[in-house]
Amino acid sequence: MNKYALIIIALVVIVAGGIVYKSFFVAEVDKPISTGIVREITITARENSWLWDPPEFEANQGDTLKMTIVNEDEYDHGFAIDAFGVSQRVPAKATITVEFVATQPGEFPYYCSVPCGEGEVNGVKRGHFDQVGKMKVRSAVRTQ
Ligand SMILES: [Cu+2]
């Protein structure tokens with residue numbers, strides 16, 4: 001038997017082993033969750049306020065989030081949630097959409113990822129680093 005046949009047999013054994021493991025041996029709690037629910041959420045960067053409106057929202061683990069991000073400002077912002085790999089530029093006076101599945105429970109900040117300056121809002125100094133919100137993902141309860 002030549003070495004290429006051995007390599008191919010080894011690859012087939014590794015791939016087949018992976019498929020068998022995934023199909024029969026992954027614990028129920030480790031399988032990805034999908035509720036099939038699509039949650040539509042709109043978040044707005046209010047003009048010269050350096051905040052996200054709403055400042056927080058909730059979802060269930062496994063929900064698909066269809067987010068619409070509105071930028072009312074004359075300058076760019078960014079919208080980022082590290083835990084779900086979300087990071088998008090939101091150009092001035094523009095609206096973008098972001099879609100992802102909330103795969104893990106917990107509290108996750110969403111923040112502006114593009115330096116956008118600072119200013120005064122009702123006598124209080126605010127800026128780029130104040131533009132943070134909180135996403136709360138409730139843990140899925142399994143019934144089996
Ligand atoms: Cu910013």
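Order of appearance sets the numbers: ligands from 1, and atoms from 1 within every ligand. Given the structure is predicted, the values throughout are model-derived calculations rather than measurements.
Ion pairing between a basic and an acidic side chain is recognised when a charged N comes within 4.0 Å of a carboxylate O; K125 and E120 show no such pairing. The residues K136 and E56 are annotated as salt-bridged, a charged nitrogen and a carboxylate oxygen being separated by less than 4.0 angstrom.
Using modelled atom types and a 3.5 Å distance limit, the side chains of H128 and E118 yield no donor-acceptor pair.
Closest to the Cu ion (ligand 1) among the N, O or S atoms of H128 is ND1.
At a cut-off of 2.8 Å, W50 does not coordinate the Cu ion (ligand 1) through any N, O or S atom. Among the atoms of C116, an N, O or S atom is found under 2.8 Å from the Cu ion (ligand 1).
Here V114 contributes O and C112 contributes SG, and at the Cu ion (ligand 1) these two atoms make an angle of 90°, given to 10°.
With a 6.0 Å radius and a threshold of 12 heavy atoms from other residues, nucleotides or ligands, K93 has its NZ atom above the threshold.
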